[in-house]
S.K.: 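Encoded as structure tokens, here's the structure I'll be asking about.
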Amino acid sequence: MIYETMNPEETRALGKKMAEEARGGEVIALDGDLGCGKTVFTQGFADGLGITEPVTSPTFTILQSYTGGRLPLYHFDVYRIEDIDEMDEIGYEDCFYGEGVSLVEWASQIGELMPEDTIYVTIRKDPVRGFGYRKITVLRKDEK
Ligand code: ADP
Ligand code: MG
């Protein structure tokens, strides 16, 4: 499925809608360049789960957990990961294979750890279409 957004609010709304449809157990890979909107999408997603805590980029911590919503949200940012063992150390398996939803910014960095039924969300800018334009591709297993 391909979506096009023209501003952060629309990307946030898309994340929120996906969260409202989430049943728990989903792993969502977020890829795209720095500043494309991965964290904005995650903020909308958190909102859709009813999480009121502010969601920021967990760049220096790899994992930030939010338990105040309808489902637990595990927000990963694996941009700075150097060794895949760091994922084991933070207990990623309990998140990926648990009851909550995992959102993984820069998931392609840890491609081999992503479950088979990962939902891939890829965000692309296109300067020709304007500063706020984003093309957001959502790929589920049955659509591959
Ligand atoms: P990332 O986490 O991918 O590095 P962020 O979500 O932190 O990116 O930042 C995205 C930036 O792009 C924000 O400053 C946001 O306001 C801006 N932006 C402009 N247009 C959009 C859009 N359509 N969707 C998402 N963010 C947008
Ligand atoms: Mg980010």
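Ligands are counted one by one from 1 in listed order, and the atoms in each one are counted from 1 as well. Each residue takes its place number in the sequence, starting with 1. Given the structure is predicted, the values throughout are model-derived calculations rather than measurements.
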S.K.: Out of Thr39, Val40, Ile136, who gets a non-hydrogen atom closest to atom 2 (O) of ligand 1?
M.R.: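 Nearest heavy atom to atom 2 (O) of ligand 1 lies in Thr39.
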S.K.: Can you list the ligand 1 atoms lying under 4.0 Å from a non-hydrogen atom of Leu34?
M.R.: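 Those atoms are 4 (O).
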S.K.: Return yes if some donor-acceptor pair links the side-chain N/O of Lys38 with the main-chain N/O of Gly32 below 3.5 Å, else return no.
M.R.: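 Side chain of Lys38 to backbone of Gly32, a donor-acceptor pair under 3.5 Å: yes, one is there.
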S.K.: Contact between Val78 and Ile62 at the side-chain level, heavy atoms closer than 4.5 Å - yes or no?
M.R.: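 Counting from C-beta outward, Val78 and Ile62 do come under 4.5 Å.
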S.K.: With a 4.5 Å limit on heavy-atom distance, are the side chains of Ile81 and Met87 in contact?
M.R.: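 Yes - at least one pair of side-chain heavy atoms lies under 4.5 Å apart.
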S.K.: Any protein heavy atom under 4.0 Å from atom 20 (N) of ligand 1?
M.R.: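 Within 4.0 Å: yes, protein heavy atom nearby.
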S.K.: Would you please indicate yes or no on a ring centroid separation below 6.0 angstrom for Tyr66 and Phe45?
M.R.: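 No.
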S.K.: Taking 2.8 Å as the cut-off, does an N/O/S atom of Thr39 lie below it from the Mg ion (ligand 2)?
M.R.: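 Within the cut-off used here (under 2.8 Å), Thr39 does place an N, O or S atom near the Mg ion (ligand 2).
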S.K.: How far is atom 8 (O) of ligand 1 from its nearest protein heavy atom, and which residue and atom name does that atom have?
M.R.: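 It is Gly37 N, 3.2 Å.
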S.K.: Consider ligand 1: state whether an atom of it lies below 4.0 angstrom from any non-hydrogen atom of Asp33.
M.R.: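 It does; at least one heavy atom falls under 4.0 Å.
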S.K.: For ligand 1, which part of Ile123 has a heavy atom less than 4.0 Å away: the side chain, the backbone, both, or neither?
M.R.: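 Neither; no heavy atom under 4.0 Å.
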S.K.: Find, among atoms of Glu105 that are N, O or S, the one nearest to the Mg ion (ligand 2), and state its name.
M.R.: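 Checking each N, O and S atom of Glu105, the shortest distance to the Mg ion (ligand 2) belongs to OE1.
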S.K.: Keeping the roles fixed (side chain from Gln43, backbone from Val55), state whether a donor-acceptor pair exists under 3.5 Å.
M.R.: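 Yes, Gln43 side chain to Val55 backbone: donor-acceptor pair under 3.5 Å.
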S.K.: Can you tell me the protein heavy atom closest to atom 27 (C) of ligand 1 and the distance?
M.R.: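 Among all protein heavy atoms, the one nearest atom 27 (C) of ligand 1 is Arg134 NH2, 3.6 Å.
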S.K.: Are there more than 12 heavy atoms of other residues, nucleotides or ligands under 6.0 Å from atom CD of Glu99?
M.R.: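 Incorrect, the count does not exceed 12.
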S.K.: Who's the nearest protein heavy-atom neighbour of atom 25 (C) of ligand 1, and how far?
M.R.: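 Heavy-atom neighbour on the protein nearest atom 25 (C) of ligand 1: Thr11 OG1, 3.4 Å.
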S.K.: Judged on heavy-atom distance to atom 10 (C) of ligand 1, which of Ala13, Gly32, Gly35, Pro8 sits nearest?
M.R.: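 Looking at heavy atoms only, Gly35 sits closest to atom 10 (C) of ligand 1.
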S.K.: Can any side-chain N or O of Glu26 pair as donor or acceptor with the backbone N or O of Gly24 at less than 3.5 Å?
M.R.: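 Between the backbone of Gly24 and the side chain of Glu26 there is a qualifying donor-acceptor contact (under 3.5 Å).
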S.K.: Where does the angle between the aromatic ring planes of Trp106 and Tyr79 fall among parallel (under 30°), tilted (30 to 60°) and perpendicular (over 60°)?
M.R.: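 Taking Tyr79 first and then Trp106, their aromatic rings sit tilted (interplane angle of 30° to 60°).
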S.K.: Would you mind listing which atoms of ligand 1 come within a distance below 4.0 Å of any non-hydrogen atom of Glu105?
M.R.: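 Result: 2 (O).
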S.K.: Does ligand 1 have any atom sitting under 4.0 Å from a heavy atom of Glu10?
M.R.: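 In this structure, Glu10 fails to qualify as a contact of ligand 1 - no heavy atom is under 4.0 Å.
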S.K.: Need the ligand 1 atom indices (1-based, order shown) with element for anything under 4.0 Å from a heavy-atom of Gly132.
M.R.: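 Counting atoms of ligand 1 from 1, those under 4.0 Å from Gly132 are 20 (N), 21 (C), 22 (C), 23 (N).
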S.K.: Verify, without hydrogens or angle tests, whether Asp83 (side chain) and Glu86 (backbone) share a donor-acceptor contact under 3.5 angstrom.
M.R.: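 No, Asp83 side chain to Glu86 backbone: no donor-acceptor pair under 3.5 Å.
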